[in-house]
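Notes follow once the structure below has been shown.
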Amino acid sequence: MKADDIRENAFCMPFANPAYPRGPYRFYNREFMTITYRTDPAKLRAAVPEPLEIEGDPLVKYEFIRMPDSTGFGDYSESGQVIPAMFRGKKGSYTHRMFLNDHPPIAGGREIWGYPKVLAKPTLQAKTDTLVGTLDYGPVRIATGTMGYKHKPVDLNEVKSALTAPNYLLKIIPHVDGSVRICELVEFYLKDVQVKGAWAAPGSLELSPHALAPVADLPVLDVVSAVHFIADLTLDFGTVVYDYLTDQ
């Protein structure tokens, strides 16, 4: 194999059998249950990296997501915490923790954007009159979310506006000597968003302590809202908006 061949064809690990194909990545009928809750303000500030800022109430959006049909990544589920945050006056969201049951989006999410993705077992499904989300880390149940099933329609434009706002990630890649080679704040957007339906209902969320999956470190003080929606969307590539190794 020639060096020029490597330079021309390399885009992810492993070179001989890449863990995922080239993007962007399109998701069809992606189903969300998002439970917004109020948490401890000091703990929330400690979780959000500068130069991102928290504005207003100390809120966390806990997500349970079903991805039944995604190009390159397949059929999988996801769960985790997203924090409303602002970057230089621009309102968006910072992804704090995310747990998946599928290797390609874990590898691709980490390597391309810097998603904090970890292998676990999330689920989202309707159980008679209730939408139920769960997250197990190994044999331990660490998150359970519930909401009534499709009680009240929600404005689709309002949901689309939230989905198309900027998203932020802290991307860290180590060097071969163990030092940090990449340490960046990444901004990205969801594109070509089509919201097919959205509903609100009473919701609940329970988080349990775990040494290696500490979702309960941002405790649930009270639930603000619960929204269920289904959308098609494209996960596009991102841009680096802050380099922790060179920017001051």
Side-chain angles (χ1 to χ4, degrees), residues 1-34 63-82 92-125 133 135-138 163-176 178 180-194 196 212-213 215 230-241 243:
M1 186 188 311
K2 297 185 179 298
D4 284 344
D5 294 332
I6 297 173
R7 282 188 284 267
E8 182 177 349
N9 295 297
F11 73 98
C12 79
M13 290 288 294
F15 178 81
N17 56 310
Y20 49 89
R22 296 179 187 268
Y25 307 91
R26 183 70 177 168
F27 295 80
Y28 300 94
N29 297 317
R30 180 164 165 156
E31 183 176 18
F32 296 74
M33 179 171 71
T34 301
E63 298 181 338
F64 298 93
I65 310 173
R66 276 285 301 126
M67 271 115 356
D69 183 2
S70 62
T71 58
F73 293 151
D75 178 352
Y76 66 102
S77 298
E78 185 169 284
S79 180
Q81 291 160 313
V82 176
S93 298
Y94 169 68
T95 302
H96 179 52
R97 290 192 175 95
M98 202 58 67
F99 301 87
L100 289 74
N101 59 357
D102 184 13
H103 173 66
I106 291 176
R110 285 184 172 206
E111 292 178 7
I112 299 172
W113 299 274
Y115 268 107
K117 298 194 175 200
V118 176
L119 183 65
K121 186 181 177 182
T123 67
L124 176 62
Q125 52 191 320
L135 175 61
D136 294 347
Y137 190 88
L163 284 172
T164 54
N167 298 277
Y168 297 97
L169 297 163
L170 177 57
K171 180 176 181 178
I172 302 170
I173 301 291
H175 211 311
V176 293
V180 177
R181 183 168 187 172
I182 294 173
C183 190
E184 302 166 337
L185 186 68
V186 173
E187 179 184 86
F188 73 94
Y189 292 83
L190 302 177
K191 301 284 184 69
D192 302 321
V193 174
Q194 179 188 0
K196 297 181 171 182
L212 302 182
V215 291
I230 299 171
D232 295 346
L233 55 88
T234 298
L235 175 58
D236 204 359
F237 296 115
T239 57
V240 176
V241 293
D243 190 324

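These values consider heavy atoms only, across backbone and side chains, with no hydrogens, waters or symmetry-generated copies. Values in this document were obtained by computation on a predicted structure and should not be read as measured data.
Considering every non-hydrogen atom in both A19 and P14, the closest pair reads N-CD, 3.8 Å. Contact between L100 and P122 at its shortest, heavy atoms only, is C-CD, 4.1 Å. The two residues L170 and C183 have their closest heavy-atom pair at CD1-SG, 4.5 Å.
Within the 4.5 Å cutoff, side-chain heavy atoms of L190 are placed close to those of F188. Side chains of Y28 and S70 form no contact here, defined as non-hydrogen atoms less than 4.5 Å apart. With contacts defined as side-chain heavy-atom distances shorter than 4.5 Å, the pair R30/E78 qualifies. In this structure, the side chains of D236 and P24 come closer than 4.5 Å at one or more pairs of heavy atoms. Counting heavy atoms from C-beta on, the side chains of L235 and Y115 come closer than 4.5 Å. Counting only heavy atoms from C-beta outward, the side chains of D69 and N29 never approach each other to under 4.5 Å. A heavy-atom distance below 4.5 Å is not found between the side chains of Y76 and P104.
H96 and Y94 have tilted rings, their planes meeting at an angle from 30° to 60° on a 0 to 90° scale.
For the side chain to side chain donor-acceptor pair (under 3.5 Å) condition, the pairs that include at least one residue of residues 163-174, sequence neighbours left out, are Y168-E187.
Taking CD1 from I65 and OG from S79, the interatomic distance works out to 8.0 Å, rounded to the nearest 0.5 Å. To the nearest 0.5 Å, atom CG of residue D136 and atom CZ of residue F99 are 11.5 Å apart. Annotation: the span from Q125 atom CD to E31 atom CD amounts to 10.0 Å, rounded to 0.5 Å. Atom-to-atom distance recorded for T239:OG1 and Y189:OH is 7.5 Å, nearest 0.5 angstrom. Atoms CG and CD, on L163 and Q194 in that order, are 12.0 Å from each other to the nearest 0.5 Å. Note that CE of M98 is 11.5 Å distant from CD1 of I106, once rounded to the nearest 0.5 Å.
By the neighbour-count criterion of 12 heavy atoms within 6.0 Å, atom CZ of R181 is sparsely surrounded, having that number or fewer from other residues, nucleotides or ligands.
Relative to the ring axis of F64, R66 does not place its NZ or CZ within 45° and under 6.0 Å from the centre.
Proximity of a side-chain donor or acceptor of W113 to a complementary backbone N or O of G108 within less than 3.5 Å is not detected. No side-chain donor-acceptor contact under 3.5 Å links T95 to the backbone of V82. Under the 3.5 Å distance criterion, the side-chain polar atoms of R97 are left unmatched by any main-chain donor or acceptor of V118. Using modelled atom types, no side-chain atom of N101 and backbone atom of A120 make a donor-acceptor pair closer than 3.5 Å. Checking side-chain atoms of T71 against main-chain N and O of R26 turns up a donor-acceptor pair under 3.5 Å.
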Walk me through it: do F32 and L124 pass the test side chain to side chain contact (heavy atoms under 4.5 Å, CB included)? CA-CA 8 Å; F32 296 74; L124 176 62; over 6 Å; no
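K121 is linked by a side chain to side chain donor-acceptor pair (under 3.5 Å) to nothing, counting only residues two or more places apart in sequence or in another chain. Considering only residues two or more places apart in sequence or on other chains, F73 meets the ring-ring contact (aromatic ring centres under 6.0 Å, His included) condition with Y25.
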